Amino acid sequence: MPELPEVETIARGVDARVRGDRIAEVWFSSKSEPFKTPPARQVKGLESRTILGVERVGKHIVVNLSSAGIRFSTKSPPPAPRPPHPAAAQWIVHLGMTGRLLVTAPEAPIAPHTHARLTLTSRRELRFVDPRRFGRLEFRDLARSHTFAAAGAEPLSIGREAFAALFRRRRLAIKAALLNQSLLSGVGNIYADESLFRAGIRPRRPAGRLTHDELERLRLALRQVLQNAIRLGGSSVSDYVDADGVRGFFQLEHRVYQRAGDPCLVCKTPIKRILLAGRSTHFCPHCQR
DNA sequence: CATTTCACCTGGTGGC
DNA sequence: TGCCACCAGGTGAAAT
């Protein structure tokens, strides 16, 4: 479901609600395996840790945790940007296509396909729901493994030269390259199509044949589209909602994604839909070269 | 190695 | 109404 802007929106919302709270009890569904770490080890790792903060890394949600047993008074949660202690452990949540991370009241009905419930000291619950089970949950003890890091570069902060270097001498289609998470992390099907439209570049163009100007247009278009989408709370294509259950509004700004056959908003040419890298791909054959 | 294809899942939609 | 084909915001393993 979620790409960078949706994950950013969710991470911010969850952070605002659970920062400083403590994990009292953990439950995992016996079914399913959206688990990178076996459920038993996750339960053991998570219990009695304090949530120092929640952030986004690529398309991953990272919940930073204290050492087990350290607790902060409910009246004064750890001060905002920098936790007083470095994280001792992390809970990594990847939402796949249909995953959701919700903060609920304890009495809220359990949605179908709920795979994890973390009961917090405040009595609220952090719930992971994922019908298709493409999502992944991982517990990392930072005494044993290093801090979670995305493989690819952050599209919001990468500079001109580094961005161009990613695509040099590559023969695959530029859209396939944008989707490759070991190059850039966070770009998915919607924002790949939308940024290519705004940069005026055809999705099938071999990445290595783009000019420096085109690559720079693409980098800026991508950055702008992602920033605007974050401002609007992401795109709600079907039933995506943030931690509050609120829909995003960037779908109203889509210029090509899921607009096959509709007139291009710039030149009225019907938007084309093709299959590329196994994904639906939308573009304007007139505006994009 | 780089690139492409496909399986992994459930649920919603639209055609017949 | 029922059945079926097709589609969906992602990714990683296998094949080429």
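No experiment lies behind these values; they were computed from the predicted model shown. Chain identifiers are assigned alphabetically (A, B, ...) following the order of the sequence lines, protein sequences preceding nucleic acid strands; residue numbering begins at 1 within each chain.
Of the candidate nucleotides B:dT3, C:dA8, B:dT10, B:dT3 has the atom lying nearest to any side-chain atom of A:Arg170. Comparing atom distances between the A:Arg273 side chain and each of C:dA8, C:dT11, C:dG9 picks out C:dA8 as nearest. Of the candidate nucleotides C:dA8, B:dT3, C:dG10, C:dG10 has the atom nearest to the side chain of A:Asn189.
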(request) With pairs defined as Watson-Crick or G-U wobble and both distances under 3.5 angstrom, please note down DNA chain C as a dot-bracket string, | for pairing with another strand. (result) .|||||||.|||||||

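A straight line from CG of A:Leu179 to P of B:dA2 spans 18 Å, rounded to a whole angstrom. Remark: P of C:dC7 and CG of A:Asp193 are 15 Å apart, rounded to the nearest angstrom. Taking atom CZ of residue A:Arg132 and atom C1' of nucleotide C:dC7, one finds them 9 Å apart after rounding to whole Å. Between A:Arg279 atom CZ and C:dG10 atom C1' there is a gap of 6 Å when expressed in whole angstrom units. One can place CD1 of A:Ile230 at 19 Å from P of C:dG9, the figure rounded to the nearest angstrom. A:Met97 places its CE atom 14 Å from the P atom of B:dG11, with the value rounded to the nearest Å. Atom-to-atom, NZ of A:Lys36 to P of C:dG12 comes out at 6 Å; the value is rounded to the nearest Å. Across the protein-nucleic acid pair, A:Gln251 atom CD and C:dG9 atom C1' stand 12 Å apart, rounded to whole Å.
A:Tyr257 comes within contact range of the sugar-phosphate backbone alone, with a heavy-atom separation under 4.0 Å but no base atom that close. If you check every strand for non-hydrogen atoms under 4.0 Å, A:Gly188 touches sugar and phosphate atoms only.
Rounded to a whole angstrom, the distance from the C1' atom of C:dT11 to that of B:dG12 is 22 Å. The P atoms of C:dC6 and B:dC6 are separated by 14 Å, rounded to the nearest whole Å. Taking atom C1' on both B:dG11 and C:dG12, the two are 23 Å apart, rounded to the nearest angstrom. B:dT3 sits 23 Å from C:dG9 when the P atoms are compared, rounded to a whole Å.
For the residue pair A:Ser67 / A:Arg49, no side-chain donor-acceptor distance below 3.5 Å is found, with atom types taken as modelled. A side-chain donor-acceptor contact under 3.5 Å links A:Thr104 and A:Arg127.
A centroid separation of less than 6.0 Å is found between the aromatic rings of A:Phe250 and A:Tyr191. Checked against a 6.0 Å centroid threshold, the rings of A:Phe148 and A:His60 count as neighbours.
By the criterion of a centre-to-centre distance under 5.5 Å and near-parallel planes under 30°, the ring of A:Phe134 forms a stack with the base of B:dC8.
The phosphate of C:dG9 has neither OP1 nor OP2 within less than 4.0 Å of any side-chain N or O from A:Lys59. Of the side-chain N and O atoms in A:His94, none sit less than 4.0 angstrom from OP1 or OP2 of C:dG10. The phosphate of C:dG10 (OP1 or OP2) has no side-chain N or O of A:Gln181 nearer than 4.0 angstrom. For C:dA8, the OP1/OP2 oxygens have a side-chain nitrogen or oxygen of A:Ser280 closer than 4.0 Å. Considering only side-chain N and O atoms, A:His113 lies under 4.0 angstrom from the phosphate OP1 or OP2 of B:dG11.
A salt bridge links A:Glu214 to A:Arg205: one of the charged nitrogens lies within less than 4.0 Å of a carboxylate oxygen.
The side chain to side chain contact (heavy atoms under 4.5 Å, CB included) test with A:Ile10 is passed by exactly one of A:Ile61, A:Val93, A:Leu102: A:Ile61.
For A:Arg41 (side chain) and A:Thr37 (main-chain N/O), no donor-acceptor pair under 3.5 Å exists by modelled atom type. With hydrogens and angles disregarded, no donor-acceptor distance shorter than 3.5 Å links the side chain of A:Arg279 to the backbone of A:Leu275.
No N or O donor and acceptor, one from the side chain of A:Arg133 and one from the base of B:dC9, sit under 3.5 Å apart.
A:Leu95 has its side chain within reach of A:Phe128: a pair of non-hydrogen atoms, C-beta onward, lies under 4.5 Å apart.
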